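A short write-up of the structure that comes next.
As the structure is a computational prediction, the values presented were derived from the model and not from experiment.
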Amino acid sequence: MSFYQSIAPYYDFIFPPSPLQVSFIASRMDDLKEVRLLEAGCGTGNLAAQLVTNGARVEGIDLDPEMVELAIDKHRSLKEVSFQALNILNLTTVFPTGFFDGVVSFGNTLVHLDGFTQIAAFFKQVATVLKPGGHLMVQIINYDHVIDHGLKGLPTIENDHIRFERYYDVVDPSSRINFRTVLTVKPTGEVIHNTVGLFPLRKKGIEELLTKGGFDEISFYGDFKGGSLSSSSIPLIFSARWPS
């Protein structure tokens with residue numbers, strides 16, 4: 001069973017809807033009314049649903065079929081959203097050239113790709129499916145902080161339903177970090193252990209790949225309020241524009 005399959009039934013307790021993410025996207029797009037967005041790594045569809053509620057039309061994709069089924073089941077009443085299981089490296093096999101006003105990928109999805117070559121391929125596909133002047137918006141963890149400061153993990157997420165512990169083991173600072181999690185389901189006492197390998201993508205690497213890929217207006221942030229990225233920021237959020 002994959003990492004996300006094992007936590008899918010508890011995903012909404014771990015990652016509840018975030019109005020700040022919606023506000024961040026709206027600030028980059030100027031307005032969400034009638035814009036067409038792609039969410040790459042949609043999970044159970046909470047962000048996509050919020051974007052639709054604010055006037056957008058959204059296509060949500062996720063590699064994990066169980067997540068997609070949960071998203072479809074949860075949001076059947078929404079007409080302007082659809083979900084499908086799709087690898088984020090296969091965008092152009094499904095979506096036409098110049099189809100989207102914006103592409104969003106939050107939740108550390110990008111670093112599940114295997115190195116610079118795959119990330120560059122994703123950026124190239126995004127460039128193809130974006131309209132001229134369209135925006136790419138991504139959130140990962142600040143791996144400069146993890147590697148340079150020896151950050152051993154992220155704050156534990158805990159509520160009445162779950163306790164979710166998150167740890168980092170740096171295997172090779174240039175190519176692999178192991179992300180270990182311990183999910184405790186409080187009502188049953190079940191404990192679920194997982195480890196997944198991530199590519200530690202740094203800010204410099206992002207800038208180089210985006211610039212080489214033809215994007216402009218590249219900006220970095222330390223939170224979804226638009227705060228500056230610092231060496232101790234835990235999130236790393238960036239936006240870039242495909243030229244008109």
Tell me the closest heavy-atom pair linking Pro155 and Ile234, and the distance in Å.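 The answer is CD-CD1, 4.1 Å.
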Residues Ser233 and Gly222: closest non-hydrogen pair is OG-CA, 3.8 Å
Taking [X] for its side chain and [Y] for its backbone only, find out whether a donor-acceptor pair lies under 3.5 Å.
X: Asn159; Y: Phe13; answer: yes
X: Asp62; Y: Gly43; answer: yes
X: Thr44; Y: Leu70; answer: no
X: Gln125; Y: Leu91; answer: yes
X: His75; Y: Val81; answer: no
X: Asp73; Y: Arg76; answer: no
X: Asn142; Y: Ser230; answer: yes

*Sidechain N-carboxylate O distance under 4.0 Å for Arg36, Asp101*: no
- prompt: Between Glu59 and Ser82, does any side-chain donor sit less than 3.5 Å from a side-chain acceptor?
  reply: yes
Do Asn90 and Thr93 meet the criterion of a side-chain donor-acceptor pair at a distance under 3.5 Å?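 Side-chain D/A pair, Asn90 to Thr93: absent.
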Legend entry - Criterion side chain to side chain contact (heavy atoms under 4.5 Å, CB included) against Leu236, the qualifying member of Val138, Ile141, Leu201, Ile206: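 In the set Val138, Ile141, Leu201, Ile206, the residue that makes a side chain to side chain contact (heavy atoms under 4.5 Å, CB included) with Leu236 is Ile206.
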Exactly one of Leu183, Val185, Ile162 clears side chain to side chain contact (heavy atoms under 4.5 Å, CB included) with Ile7, and that residue is Leu183
Same cluster or not: are [X] and [Y] linked, directly or through other Ile, Leu, Val, Met, Phe, Trp or Tyr residues, by side-chain heavy atoms under 4.5 angstrom apart?
X: Phe238; Y: Met29; result: no
X: Phe100; Y: Val126; result: yes
X: Val129; Y: Phe83; result: no
X: Met137; Y: Val58; result: yes
X: Phe123; Y: Ile61; result: yes

Glu158 vs Arg163, test: side-chain contact (heavy atoms from CB on, under 4.5 Å). Steps then yes/no. CA-CA 4 Å; Glu158 186 164 13; Arg163 176 180 173 87; 2.7 Å; yes
Are the side chains of [X] and [Y] in touch, meaning some heavy atoms are under 4.5 Å apart?
X: Val146; Y: Pro200; result: no
X: Gln21; Y: Val104; result: no
X: Pro19; Y: Gln50; result: yes
X: Glu80; Y: Arg57; result: yes
X: Asp30; Y: His135; result: no
X: Asp223; Y: Leu20; result: no
X: Leu136; Y: Leu210; result: yes
X: Ile157; Y: Arg166; result: yes

Spacing of [X] atom [atom1] and [Y] atom [atom2] [to the nearest 0.5 Å]:
X: Ser105; Y: Phe122; atom1: OG; atom2: CZ; answer: 5.0 Å
X: Leu78; Y: Ile72; atom1: CG; atom2: CD1; answer: 12.5 Å
X: Thr181; Y: Ile14; atom1: OG1; atom2: CD1; answer: 8.0 Å
X: His112; Y: Ile88; atom1: NE2; atom2: CD1; answer: 9.5 Å
X: Asp144; Y: Leu229; atom1: CG; atom2: CG; answer: 7.5 Å
X: Gln139; Y: Asn108; atom1: CD; atom2: CG; answer: 6.5 Å

Do other residues, nucleotides or ligands put more than 12 heavy atoms under 6.0 Å from [X] [atom1]?
X: Lys152; atom1: NZ; value: no
X: Asp160; atom1: CG; value: no
X: Asp114; atom1: CG; value: no
X: Lys131; atom1: NZ; value: yes

- Apply salt bridge (Lys or Arg N to Asp or Glu O under 4.0 Å) to Lys203 and list each qualifying residue two or more places apart in sequence or on a separate chain.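 By the salt bridge (Lys or Arg N to Asp or Glu O under 4.0 Å) rule, Lys203 matches Glu207.
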Aromatic rings Phe99 and Phe95: how do their planes relate, parallel, tilted or perpendicular, breaks at 30° and 60°?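 Ring orientation, 0 to 90° scale: parallel.
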**Message:** Strictly by ring pair (Phe, Tyr, Trp, His ring centres under 6.0 Å), give each pair with a member in residues 14-72 just once, sequence neighbours left out.
**Reply:**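 Ring pair (Phe, Tyr, Trp, His ring centres under 6.0 Å) check on residues 14-72 returns Tyr11-Phe15, Phe24-Tyr221, Phe24-Phe224.
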- Centroid-to-centroid, Phe199 to Tyr143, below 6.0 Å? no
Under the side-chain contact (heavy atoms from CB on, under 4.5 Å) criterion, do Tyr168 and Leu154 qualify, and how do the steps go?
-> CA-CA 8 Å; Tyr168 283 125; Leu154 303 177; 3.7 Å; yes
message: Walk me through whether Tyr167 and Phe179 qualify under ring pair (Phe, Tyr, Trp, His ring centres under 6.0 Å).
response: CA-CA 6 Å; Tyr167 305 99; Phe179 181 48; 9.0 Å; no
